[in-house]
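Computed from a prediction, not measured in an experiment: that's the story for all the values here. In what follows, residues are counted from 1 in the order of the sequence shown.
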Amino acid sequence: ELVLRPEGTAGVLKAFLSDASLQNSLATNSGRFWYFGPMFRHEHPQKGRLRQFYQIGLENIGYSSPIIDAEGISLCHSILTRIGLSEEDFDLQINCLGSEGTRKQYSEALVAYFAKERDCLSEISK
């Protein structure tokens, strides 16, 4: 069978979980993994989105401090400027999934909203 990568995170975590020696080496340390390459979407792409795209990703396993997030954001900024882009050429947008409690509240509100609008949604969106 042929499988096309939908994104990079799952492959990194699968490799980590299937390699006992890697898990043992990280028992006392944390791990940083990165990837870059073509990824593929299966669903119908939205306007401006292609089925094939390139993604660069950074996965940090075993870190609990938010400082690691700041480091990743700084790394992204450095990469973009080092390849010659000026700060006017890109937007660095930061998203937060919130806490466990706020994620649950948001999910419930989102489900309630779209339940009322279900008839207006396309079959793909349902």
**Selection residues 91-103 - residue pairs positive for salt bridge (Lys or Arg N to Asp or Glu O under 4.0 Å), sequence neighbours left out** = none

**Item:** Joint cluster assignment, Met39 & Val12, ILVMFWY side-chain distance < 4.5 Å
**Value:** yes

Contacts of type side-chain contact (heavy atoms from CB on, under 4.5 Å), residue [X], not counting sequence neighbours:
X	answer
Phe40	Leu4, Pro38, Gln52
Thr9	Glu7, Leu13, Tyr35, Glu59
Ile94	Ile73
Phe36	Trp34, Tyr54, Ile56

**Request:** Find the distance between CG (Leu92) and OG1 (Thr81) and round it off to the nearest 0.5 Å.
**Result:** 10.5 Å

**Prompt:** Can you check whether Ala70's main-chain N or O pairs, donor with acceptor, with Ser74's side chain at less than 3.5 Å?
**Reply:** no

**Set of residues satisfying side chain to side chain donor-acceptor pair (under 3.5 Å) with respect to Asp69, sequence neighbours excluded** = none

Show me the side-chain donor-acceptor pairs of residues 82-90 shorter than 3.5 Å, one per line, residues at least two apart or across chains.
residue: Ser86; atom: OG; partner: Glu88; partner atom: N; Å: 3.4
residue: Ser86; atom: OG; partner: Glu88; partner atom: OE1; Å: 3.1
residue: Ser86; atom: OG; partner: Asp89; partner atom: OD2; Å: 3.2
residue: Glu87; atom: OE2; partner: His77; partner atom: NE2; Å: 2.9
residue: Asp89; atom: OD2; partner: Ser86; partner atom: N; Å: 2.9

**Fill in**
Hits for salt bridge (charged side-chain N to carboxylate O under 4.0 Å, His left out) against Glu71, two or more places apart or cross-chain, chain-then-number order -> Arg32

**Item:** Phe114 and Leu110, any side-chain heavy atoms less than 4.5 Å apart
**Value:** yes

